[in-house]
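Note that the structure is a prediction, hence the values are computed from the model and not measured. Hydrogens, waters and symmetry mates play no part in the numbers below; they use all other heavy atoms, side chains included. Lettering follows sequence order; numbering is per chain, from 1.
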Protein chains: 2
Amino acid sequence: MVFLYGIFSIFPMIPEELLESHNALRKKYVKGDIIFREGDLPSQYFQIILGEVKMCNFNDDGREFTQGFFHPKQSFGEPPLFLNRVYPANAIAVSDCELFVLSKPLFLDLIQKNTSVSLSIIENLAQRLHYKSVMAAEISSQEPEHRLLKLIDYSIKFFKTEKETQGYRIDLTRQQMADLTGLRVETVIRAIKALEKKSEIKIINRKVYR
Amino acid sequence: MVFLYGIFSIFPMIPEELLESHNALRKKYVKGDIIFREGDLPSQYFQIILGEVKMCNFNDDGREFTQGFFHPKQSFGEPPLFLNRVYPANAIAVSDCELFVLSKPLFLDLIQKNTSVSLSIIENLAQRLHYKSVMAAEISSQEPEHRLLKLIDYSIKFFKTEKETQGYRIDLTRQQMADLTGLRVETVIRAIKALEKKSEIKIINRKVYR
DNA sequence: TTCGGATTATGATTTGAGTCATAAAGCAGA
DNA sequence: TCTGCTTTATGACTCAAATCATAATCCGAA
């Protein structure tokens, strides 16, 4: 039973064979490419083969808010596809990427014929909803340090993090942390230092360890 | 095809007949009752028959953050049930409520035997993820007035709102708006007045109309 | 009808994150 | 090795939301 596993990143959203047998295309993007834009009407299902994608918003004065990062085997942008609504954010290739792209009709056909895929999708959406719930409560009310610590702990579970002898290395720049929490870079830098002083984290060679 | 409809509140998550045929219990709660607590491990599926439920967090100094309100025919608290994780927030009866309660094994049995239910669940989760994405971007960066306007517009679609001759009446107290946006009551009161001055909303008899 | 709690309202004051300016350090590419 | 760009760093200053205090209004229950 797929529900017993919580760490969705281990399981591909949809198995590669299944995607290929449904004529999904492999499409390449270079770093910085915009995969879709906020306001676009979805017409395709995307699943990452290689590389990293972020979803983000830009507000009136150009500031960015990062909704999340997505990694190989993960899909992104399905909620509006299911709801028949426009994307609430942009999808941008953070690094060079290769993606499976499947048209909406073929995608709907696929999930109707493969019930276990529905369960993967449910699990994946549940996962993302969980992240958003946790972060929403933090972002709304807490002090910067608290906010960052929550992000760090969460990113250990769900973003790219490697366990080293010093602890988990957080592979996020100060700017990325700022965009994920809604803080400014300077505030992040100062808060990170304060957290180090309190021994909540370590800073080695400018990298954050926890 | 269920995916064509975006407004999930019209459709019961799971049809009542189906719940009853799977021996779901009807359980009553009085206003203020805690249905489950942050940190509890889920063991049941909940669907509202009557009344209103909110999910919320309390931080260290007692301040509340409201994750969302749920109404008849909607379910709540499934993500952690699927993920086998503890609840990230509390569920509290806002008014006297009657709920369908179904044990996890029976619930999993139900959705596996009724594939169309999976699709409803996907749509429902997609819906909630969409709300969270939109609000997250707002809450993180925008000024109070912008934040509140977004909440108001969103609540017209998804919370209890009635269309009257003056416009849509927002049935949220200033405190509830504060808890949903992470602002303080006083700030909400002042921002609401500022929005009225700019003719973005109307205040009639203390109620907000849009 | 009265009473008490919740809600809305308003002013004065504080505070801490944002902003601005500037610079050092690291890093990739020529 | 030099150059230019990104990232990290730090201090000074600003300002708006939070905080604190106080009160009027509304509303349901006794």
Side-chain angles (χ1 to χ4, degrees), chain A residues 30-32 54 59-66 92 94-96 138-152 169-198 201-209, chain B residues 30-32 52 54 59-66 92 94-96 138-149 151-152 169-198 201-209:
Chain A
V30 303
K31 181 176 174 174
K54 76 172 168 187
N59 66 14
D60 314 322
D61 36 274
R63 289 228 325 119
E64 176 179 333
F65 176 75
T66 306
I92 299 177
V94 176
S95 61
D96 290 354
E138 290 303 314
I139 285 178
S140 79
S141 54
Q142 303 289 347
E143 324 81 71
E145 292 178 30
H146 205 277
R147 238 149 124 169
L148 280 164
L149 215 47
K150 205 79 174 192
L151 172 70
I152 287 168
R169 191 185 73 235
I170 313 300
D171 271 337
L172 294 169
T173 67
R174 310 287 191 272
Q175 183 63 60
Q176 288 175 325
M177 294 188 215
D179 293 340
L180 283 160
T181 53
L183 299 166
R184 315 290 144 160
V185 209
E186 300 95 324
T187 306
V188 170
I189 290 169
R190 290 187 246 254
I192 287 288
K193 297 215 156 174
L195 284 170
E196 191 199 20
K197 202 160 281 175
K198 292 175 187 167
I201 57 172
K202 276 180 251 176
I203 304 179
I204 302 168
N205 204 13
R206 294 175 150 206
K207 289 267 170 218
V208 176
Y209 291 81
Chain B
V30 302
K31 181 177 173 172
E52 192 181 12
K54 75 173 170 187
N59 66 13
D60 314 323
D61 36 274
R63 288 224 329 117
E64 176 179 333
F65 176 75
T66 305
I92 300 178
V94 175
S95 61
D96 290 354
E138 289 303 315
I139 286 179
S140 79
S141 54
Q142 304 289 346
E143 325 81 71
E145 292 178 30
H146 205 278
R147 240 150 121 168
L148 280 165
L149 216 46
L151 171 70
I152 287 169
R169 193 186 71 235
I170 313 301
D171 271 336
L172 294 169
T173 66
R174 309 289 191 273
Q175 183 62 61
Q176 287 174 327
M177 295 187 214
D179 293 340
L180 282 160
T181 53
L183 299 167
R184 315 289 146 162
V185 209
E186 300 94 324
T187 306
V188 170
I189 289 168
R190 291 187 245 253
I192 287 288
K193 298 213 158 175
L195 284 171
E196 192 199 20
K197 202 161 282 176
K198 292 175 187 168
I201 56 171
K202 277 180 250 174
I203 305 179
I204 301 167
N205 204 15
R206 292 174 151 206
K207 288 269 169 216
V208 175
Y209 291 82

> Once you round it to whole Å, what is the distance between P of D:dT7 and CG of A:D179?
Replying inline: 11 Å
>> If you compare every side-chain N and O of B:K207 against the phosphate oxygens of C:dT8 (OP1, OP2), does one of them come in below 4.0 Å?
In response: no
> How far apart are the closest heavy atoms of A:F65 and A:L180, and which atoms are they?
Replying inline: CE1-O, 3.7 Å
>> B:K54: which residues meet the side-chain hydrogen bond (donor to acceptor under 3.5 Å, both in side chains) condition with it, sequence neighbours left out?
In response: B:E64
> Once you round it to whole Å, what is the distance between C1' of D:dT19 and CD of A:E143?
Replying inline: 15 Å
> What is the distance, rounded to the nearest whole Å, between atom CZ of B:R63 and atom P of D:dA18?
Replying inline: 8 Å
>> Measure CD/B:Q176 against C1'/C:dT8 and give the value in whole Å, please.
In response: 14 Å
>> Ignoring hydrogens, what is the shortest heavy-atom contact between A:V188 and A:M177? Give both atom names and the distance.
In response: CG1-CB, 4.0 Å
> What closest approach, in Å, do A:I92 and A:G32 show between heavy atoms, and which atom pair accounts for it?
Replying inline: CG2-O, 3.8 Å
>> Strictly under 4.0 angstrom, non-hydrogen atoms only: write out the protein contact profile of nucleotides 20-30 of chain C, one letter per nucleotide from the 5' end, B, S or -.
In response: B----BS----
>> To check you understand the geometry: which heavy-atom pair defines the closest contact between A:R63 and A:L183, and what is its length?
In response: NH1-O, 3.8 Å
> Can you tell me how far C1' of C:dA6 sits from CE of B:M177, to the nearest Å?
Replying inline: 15 Å
> Is atom NZ of B:K31 surrounded by more than 12 heavy atoms (other residues, nucleotides or ligands) closer than 6.0 Å?
Replying inline: no
>> Could you tell me how far apart B:L183 (CG) and D:dA16 (C1') are, to the nearest whole angstrom?
In response: 12 Å
>> By nearest atom, which of the nucleotides C:dT10, D:dA18, C:dA17 is closest to the A:P144 side chain?
In response: C:dA17
> Which one, C:dA9, D:dT8, C:dA17, comes nearest to the side chain of B:R174?
Replying inline: C:dA9
> Which whole-number value in Å describes the distance from A:K197 NZ to D:dT10 P?
Replying inline: 9 Å
> Can you find a pair of side-chain heavy atoms, one from A:R147 and one from A:I139, that are under 4.5 Å apart?
Replying inline: yes
> Rounded to the nearest Å, what distance is computed from the CD1 atom of residue B:I189 to the P atom of nucleotide C:dT8?
Replying inline: 7 Å
> Should B:T187 be listed as having a side-chain N or O under 4.0 Å from OP1 or OP2 of D:dA17?
Replying inline: no
